[in-house]
Structure formats: structure tokens, C-alpha cells
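Below: the structure, in C-alpha cells.
Both backbone and side-chain heavy atoms feed into the values below; hydrogens, waters and symmetry mates do not. Lettering follows sequence order; numbering is per chain, from 1.
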Number of protein chains: 2
Amino acid sequence: MTSSSLSHDVGEQRRRATVPDATVARLPLYLRALHLLAEQGYETVSSEELAEAAGVNSAKLRKDLSHLGSYGTRGVGYDVTHLVEQISSQLGLGRRCSVVLVGVGNLGRALAGYGGFANRGLAVDALLDADEATVGQQIAGLTVRHVDELGEVAGPGSIAVIATPAAAAQEVCDRLVAAGVTSILNFAPVVLSVPAHVDLRKVDLAVELQILSFHEHRKAAGADERVPAGASA
Amino acid sequence: MTSSSLSHDVGEQRRRATVPDATVARLPLYLRALHLLAEQGYETVSSEELAEAAGVNSAKLRKDLSHLGSYGTRGVGYDVTHLVEQISSQLGLGRRCSVVLVGVGNLGRALAGYGGFANRGLAVDALLDADEATVGQQIAGLTVRHVDELGEVAGPGSIAVIATPAAAAQEVCDRLVAAGVTSILNFAPVVLSVPAHVDLRKVDLAVELQILSFHEHRKAAGADERVPAGASA
DNA sequence: AACTGTGAAACCTTTCACAGCT
DNA sequence: AGCTGTGAAAGGTTTCACAGTT
């Protein structure tokens, strides 16, 4: 067990090492909302307005931003441009960070051309596939290369996206790790294993649909069974 | 201590109305892992094994399953087939629930053919698009219909998936709501507004990538700045 | 002996409400 | 007056550790 002296371990030197995960997950949201507001001519926004645009409540937004530092002005709000810069910088969108996408099926193509990806500082800059018929094609301004050339485009510092069929994902993942990649985003519906030092995230397109189904099912079941007629709104 | 002396409190009629959100979000994961294990010939699994296959820890798994009821056998584990049925039923995958997909671009195509979708009880069964060139095409065994025919395929009880460009999403959403749909999954990178009774979920393909970027950035910044040399392996 | 089911503790996130700055 | 930044309260989730069951 842990020593009973509790949580004083880590030194103070990690000043901003403490942005909560939940907050990080919302920064991209704020960033998009801010870009939108900027296009509409806003120079400053209140937490209320920005929260509305991002689809969260204002207390949460303020708390989130407070974790990055104090970038607002009391009585006024936040400077849109400045806040965009701060968040972008936090997210590491400024530095040239190569994004490599493996698997150029429908999903891969969608991702390669995705506004959200290409938009601000995080464009995909290499496409790889195993299929000879796909290799050589021009997609979203890039030429698809063979997955065997993976070592030439991916390395420490790059972010890899796996959009292959489930069956191929683990092998691709292993190759990426061997090439030194430590940040991987997996869209294939399998649980991948990676060494502890690799940061692996997962997007499962079916999960959200199944969650919806759960709630839809609940609604229907509730209506069937014993609810006292129009109970909820 | 099952229903003996201290079964006080909450009305009993809401027996299973209390599955926590976090648990619901993991059920699809367990389901997939179970299907995999079933294919490999498992008839029972321990919480340890299933947790491993699903990529979570066993305490969490047991707690999650306990919210659905007690389907395990102490000293033995869980019956794979039975558990699959229980979870499927919770998720409403048994009942025929029509899934309508609007927007047949690359992402739409990917979703229509997605193993995870088509796989178990939640196949997409109508495709709609606004583009005349796309309407009429055969995709994943379905003929693409014009979005104006939305009212004919979507209604109360169906689940809708929006995979259109951002600019079209709100209008499609409004039409879906007008048609009586109350469960919508949005892949377009915009914040949609819906009436309170509609259940709207959102998948943002770029968010996860940006979260990875955040962590990658941290790693790099940490290495640059002040870390006490080779602290971690 | 093996393994589930679950209170209780630890941890994390959200919301509230207001002090403090402009 | 208006709005941010933030302690403190409330709520939710994960982990621990063990009683209970087969």
C-alpha cells in the first residue's frame, strides 16, 4: 500500500501539469466555438456566450479556463483572439506535429478530409494503406503510400491514427510502436495492447449508437410497462 | 444482503432504472468482448478474464454488471451466452429499432458498412442524402434515398445518425425532430439545438486527436523544460 | 478454493454562490 | 454594474478489500 503520509509526493515544479482530463476533453470544443465567434466578428465574449456556443454551462467553462490561467477580464469577458491562442498553444496545435493515418478505407478518407482535422494545425500529413490498389491514389492532396514505408513517415513525436479493419489493427499498432510512435488514436473496433509508455486512445463509432439505443429502449419500455402516463416532459 | 431487513427507501418499481451513465457507456465494450470470447469457445468467464478482454479492470466490471442484476455464479464466473443476452436486452438490441443515416459521404459510407454497427442488432436500414448524384446508389445493400423522403423512413422510435457536412446538420436535425425522432447521433462538427425531449449525442472525430496532441505536447514540453533528467523509463 | 457482489473509502467532476476586480 | 475566478458543497465514478456463495 501507499505510505500513510499521503499526497505530498510530487514537487511543485509541475506548475501547469494539473489540467483535469475532463477539462482537456472540452478544450477542442471551446476552440471551435471561439473560431466561430471570431468569424462572426466577436472581439470579446462573456463566459455565458461562449458556454452557449460550445454547448456547456458557464460555471463549467469558467472553471475549465481557470485551470489554464487567468485570461479573462472581470466585468468584460475574454478576448477571443487571445483565448484562441492560449488554448491552441495548450493543445500543442502550433508546433508542427505530423499526423500519420493508416488505413485508407471510407473511414480513413473521411478522416483525411475532415474539416475538424484539417482545420486548425492538425492536418493529416501522411496516408498509408496495405492495399496495392489504393497505394498511389491522391486523397485530400496526399499520395497514399504503402504501409511498409511506415518507418519513413512516423517516428517519435508523430501522432498516428489507425483506421484499418479490426483484423489488421494490432499489427499496424505494433509497427507504429516499433517506429517510436507514442501517441495513437484507434478507430478499429478492437482492444489494442501497447507498452505502458504509449498513449493510446480509442474512438468506437458504434458505442454511442448503442448508448442511444439503450435510452430509446428505456423510453419505450417505460411507456409500455407501468409509468403513470405522461410522467416526464 | 439481498432483500431482507434493510431494503428501505426508493420505490421498488424502478428496479433497473438506475444504471449509471458510466456503466451504460461500457456495456457495448463488454458485449463486443463477450462475442469474441464466445467465438473462441468460452462458455463461462471470470470477471478477470472478461475485464482483460474489454480493456478495463475487474472491480469496475463487477460493479458494472452488478447494476444490471446478479448474473454471475460465485466461484465460477459468468455464463457467456446468458450475459450476452442480458446486456443485449438492456441495450435494446433485440427489438427491431430502425436506424436512419443521413449524409452519405465518406463518413456515412464508413458508418453504413461499419462492422460494429451492422454486427449485432443495430444495422442501419435507411440511407438518405441531398445530392442527386448519390441518390439511387447502392451502398451496403441499401438504396440511397433523397433526404426529402425522410418522413417515410424516420419517425418516433427510430434512431437517426447525422453524417452530413456541418452546414447542413441543423436543418437535417430540425427535419428529423419534426418527423418525430427523439434519438439523434451527430457526427457533424457543430453544436446542434434540439427540444428538451430529444436525446442528442455527439461524436467529434477531431476531439480525440486534439486530446492526444495535448498529451504529446506535454511530453515534449516536459522534456524541453525542467524535468529532472530521465525520471521515467 | 475460487470468484462474485458490495459497502466504504478515495478520487474526480460539476454546480453553487459569492468575493473581488474592472 | 457586470463578469471572472474560486473556495466549498454536492454528486458521480473508481478502487479497495472482504463478506458471502458455490
So does B/Ser46 get a side-chain nitrogen or oxygen closer than 4.0 Å to the phosphate oxygens (OP1/OP2) of C/dC3?
-> no
Taking OP1 and OP2 of D/dG5, is either one under 4.0 Å from a side-chain nitrogen or oxygen of A/Tyr78? yes
Can you measure [X] atom [atom1] to [N] atom [atom2] for me and round it to whole angstrom units?
X	N	atom1	atom2	value
A/Leu61	D/dC3	CG	P	14 Å
A/Glu48	D/dT4	CD	P	8 Å
B/Leu68	C/dT6	CG	C1'	15 Å
A/Tyr30	D/dT4	OH	C1'	15 Å

Once salt bridge (Lys or Arg N to Asp or Glu O under 4.0 Å) is applied, do any residues pair with [X], and if so which ones, sequence neighbours excluded?
X	result
B/Arg62	none
B/Glu85	none
B/Arg74	none

- Task: Check whether any side-chain N or O of B/His215 sits under 3.5 Å from a backbone N or O of B/Ile211 as a donor-acceptor pair, and report yes or no.
- Result: yes
For A/Gln170, the side-chain contact (heavy atoms from CB on, under 4.5 Å) test, sequence neighbours excluded, returns A/Cys173, A/Asp174, A/Leu192, A/Ser193
Here the side chain to side chain donor-acceptor pair (under 3.5 Å) pairs for residues 49-58 of chain B, sequence neighbours left out, are B/Ser46-B/Glu49
Heavy-atom contacts, protein to nucleotides 14-22 of chain C, under 4.0 Å, summarised as B (base), S (sugar-phosphate only) or - (none) per nt, yield SB-B-BBBS
